[in-house]
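Remarks on the structure that follows.
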Amino acid sequence: MTKSALILLHPDDNVLVCRAPVSAGQPLTIDAARIVAGSDIPVGHKVARTALAAGDKVLKYGAPVGSMTAPARPGEHVHLHNMKSDYIASHGRDAASEQRA
């Protein structure tokens, strides 16, 4: 049995994580659907599990880690080119200073 290149970290997640490199054109199985990867995706990077629209929260580990800045289809790479991190903005030193003010 071949291991999937993708792993689901939490059942509520709308992204999967690459545990092996994904090559453009590689077939992927996401929630029983066969999808072809549109680009190379490195180990540790996120892949859309569902269709994501601009403004949607990205859920990883069952928690929001960012927001989409552009739409992504299932199987697409979800990274800095189409999402922004909400975690850094809400947990940085500036955010902590603002909360104390």
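Positions are given from 1, in the same order as the sequence printed here. As the structure is a prediction and not an experimental result, all values here were calculated from the model.
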Task: Contact check, side chains of C18 and H77, non-hydrogen atoms, under 4.5 Å - done: no

- [ ] Using atom types as modelled and distance alone, determine if a side-chain donor or acceptor of S67 lies under 3.5 Å from a backbone N or O of K57.
- [x] no

TODO: Could you tell me the separation between the OG atom of S85 and the NE2 atom of H79, rounded to the nearest 0.5 Å?
DONE: 11.0 Å

TODO: Let me see the working for K60 and L9 under side-chain contact (heavy atoms from CB on, under 4.5 Å), right down to the final yes or no.
DONE: CA-CA 7 Å; K60 181 177 169 188; L9 299 175; 3.9 Å; yes

Task: ILVMFWY network linking L59 to L16, side-chain heavy atoms under 4.5 angstrom - done: no

Open item on the list: Side-chain heavy atoms nearer than 4.5 Å, only ILVMFWY residues, links allowed to pass through others: does that put V15 and V47 together?
Closed with: no

Open item on the list: Could you go through N14 and V58, starting from their C-alpha distance and side-chain angles, then the distance that decides it, and tell me whether this counts as side-chain contact (heavy atoms from CB on, under 4.5 Å)?
Closed with: CA-CA 6 Å; N14 55 14; V58 176; 4.2 Å; yes

TODO: Would you confirm whether R19, through its side chain, and G44, through its main-chain N or O, come within 3.5 Å as a donor-acceptor pair?
DONE: no

Open item on the list: For the backbone of D12 and the side chain of H10, can you confirm whether one donor and one acceptor N or O come within less than 3.5 Å of each other?
Closed with: yes

Open item on the list: Within the structure provided, determine whether D13 and L8 are in side-chain contact (heavy-atom separation under 4.5 Å).
Closed with: yes

Task: Contact summary for P74 and A51, nearest pair of heavy atoms - done: CG-N, 3.7 Å

- [ ] For the pair M68 and N82, evaluate side-chain contact (heavy atoms from CB on, under 4.5 Å) and give the outcome as yes or no after the intermediate values.
- [x] CA-CA 6 Å; M68 295 302 295; N82 59 6; 3.9 Å; yes

Open item on the list: Return the CZ to OG1 distance between R73 and T50, rounded to the nearest 0.5 Å.
Closed with: 13.5 Å

TODO: List the atom of V78, the atom of M83, and the distance in Å for their closest heavy-atom pair.
DONE: CG1-SD, 3.6 Å

Which atom pairs, donor and acceptor, lie under 3.5 Å between side-chain atoms of residues 28-38 and protein residues at least two apart or in another chain?
{"residue": "D31", "atom": "OD1", "partner": "R49", "partner atom": "NE", "Å": "3.2"}
{"residue": "D31", "atom": "OD1", "partner": "R49", "partner atom": "NH2", "Å": "3.4"}
{"residue": "D31", "atom": "OD2", "partner": "R49", "partner atom": "NE", "Å": "2.8"}

- [ ] Would you check, one step at a time, whether the test side-chain contact (heavy atoms from CB on, under 4.5 Å) holds for V17 with H45?
- [x] CA-CA 6 Å; V17 177; H45 282 237; over 6 Å; no

